[in-house]
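In this text, all values refer to a predicted model and were calculated from it rather than measured experimentally. Counting starts at 1 for both ligands and their atoms, in listed order.
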Amino acid sequence: MAEPKMKINVTKTFLPPIEEYQSQLQRAWKNEWLTNRGELVLELEANLKNHLKVSNIILMNNGTIPLQIALKLLGKNGEIITTPFSYVATTSAIVWENCTPVFVDIHPEYLTIDENKIKDAITDKTTAILATHVFGNPCHLEAIEAIAREHHLAVIYDAAHCFGVTYKGKSVFDYGTASSCSFHATKLFHTGEGGAVFCNDEQLFDKFYQSHNFGHKTALDFHGLGINGKMSELQAALGLAVLPYMTHITEGRKKAVTFYNEHLDFTLLQRMKIREFTEWNYSYYPVIFQDEAQLLKIESALVKEDVIPRRYFYPSLNNLPYCKNSPMPNSESVSSSILCLPLYADMPLTDLERIAHIVNTNLSV
Ligand SMILES: *Cc1c(COP(=O)(O)O)cnc(C)c1O
């Protein structure tokens, strides 16, 4: 019988040699310590600070909890100006924390929130801006900072896709009142499930720290309300085993991105414009078709050949059933016509050639 053909998914989780994961796990066994900020979590925090050149980080159990804590601390049940083009967690975190999302449409080429439309959405109930550096492409950081300063708003960045991204030579995690990252298995750097918050304000950093550990001050005394956002030693063990491979992962992805850039037919396709002064991380390969019909045609041609792209991000979040809808023409148009092509380190050239061929031959007819 023929071997079943392996599907090529939109991404493939990087798995380090299992012995390297096991040797990290052995440390946890030796310590007989599995969570509550043990040796491995502390070491991963130190290594990540070094790797990312950031001055602070708190590891958490996923990339959604830091958003929720940020909204709890800074959103204050108010209106949050946000992007309709992101993963659902950006919006659901706002609603879950009893704040109200107020959508502002995206820039059609950068795909990030349109900074020029933010001011019109500000009311006396606005408390914060929550914007996503979508696919690792930074928002207009300076413009957003200026608006926030003028109107006394907090800026929370959903930087889930931004591992390793720099803007003007500085980690994007260094911008805004606070930034979150996700270390989910589908993300560039991962701990299976996991995430982190970055925050340069010392007082606020302390609040994040307390909040992610039930509000504990000591075992018997509390600062205030908190939740369980702690990363475990088992997650940190995987992170410690993956981190040494980041150059390999990024270089491998860069090769695949370069191939797509050189071989896809961009007379009939649009790609995301990377913000100026950005060192990007090759986290996704989104392509924008003429319309949804063309997207559906090419998606099914790919699926027929066992290539599984993903419609990141669909639907436009203003259309979620629990949100008050206001039309967002750019976001709705991009959402209905954008597809992320498979991208990961170690993608064989033959797979890349096959994918580019299927896309190109189905574009024109
Ligand atoms: C992955 C992702 C999240 C959620 O992160 P988890 O670690 O899965 O909780 C939030 N926002 C965006 C934009 C994401 O892509």
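Scanning the protein for heavy atoms near atom 9 (O) of ligand 1, the closest one is T64 OG1, 2.6 Å. For atom 11 (N) of ligand 1, the closest heavy atom belonging to the protein is D158 OD2, 2.7 Å. With respect to atom 1 (C) of ligand 1, the closest heavy atom belonging to the protein is K187 NZ, 1.7 Å. With hydrogens left out, the protein atom closest to atom 15 (O) of ligand 1 is H161 NE2, 2.6 Å, a heavy atom.
The cationic group of K168 lies under 6.0 Å from the six-membered ring centre of F277 and within 45° of the ring axis, placing it in a cation-pi geometry. With Y167 as the aromatic partner, R275 does not meet the cation-pi criteria of under 6.0 angstrom to the ring centre and within 45 degrees of the ring axis.
Ring geometry for F183 versus F189: interplanar angle over 60°, hence perpendicular rather than tilted (30 to 60°).
Between S182 and ligand 1, at least one pair of N/O atoms sits closer than 3.5 Å. Considering both main-chain and side-chain atoms, E193 never comes within under 3.5 Å of ligand 1 through any nitrogen or oxygen pair. Remark: ligand 1 and Y284 share no N or O pair separated by less than 3.5 Å (distance only, no angle test). Taking any N or O of A89, backbone or side chain, none lies under 3.5 Å from an N or O belonging to ligand 1.
Considering CD1 of I80 and SG of C99, their distance stands at 4.0 Å, rounded to 0.5 Å.
Close approach of ligand 1 to G63 is summarised as follows: ligand atoms under 4.0 Å from at least one heavy atom of the residue are 5 (O), 6 (P), 7 (O), 9 (O). Atoms of ligand 1 lying under 4.0 Å from at least one heavy atom of G194, given by number and element, are 7 (O). Annotation for ligand 1: atoms under 4.0 Å from non-hydrogen atoms of S86 are 13 (C).
Checked against the 6.0 Å centroid threshold, Y260 and H263 do not count as a close aromatic pair. For an aromatic pair to be called close, the ring centres must be under 6.0 Å apart, and F313 with F135 satisfies this. Residues H223 and Y209 keep their aromatic ring centres 6.0 Å or farther apart.
Looking at K119 and E150, a side-chain N of the basic residue comes within less than 4.0 Å of a carboxylate O on the acidic one, giving a salt bridge.
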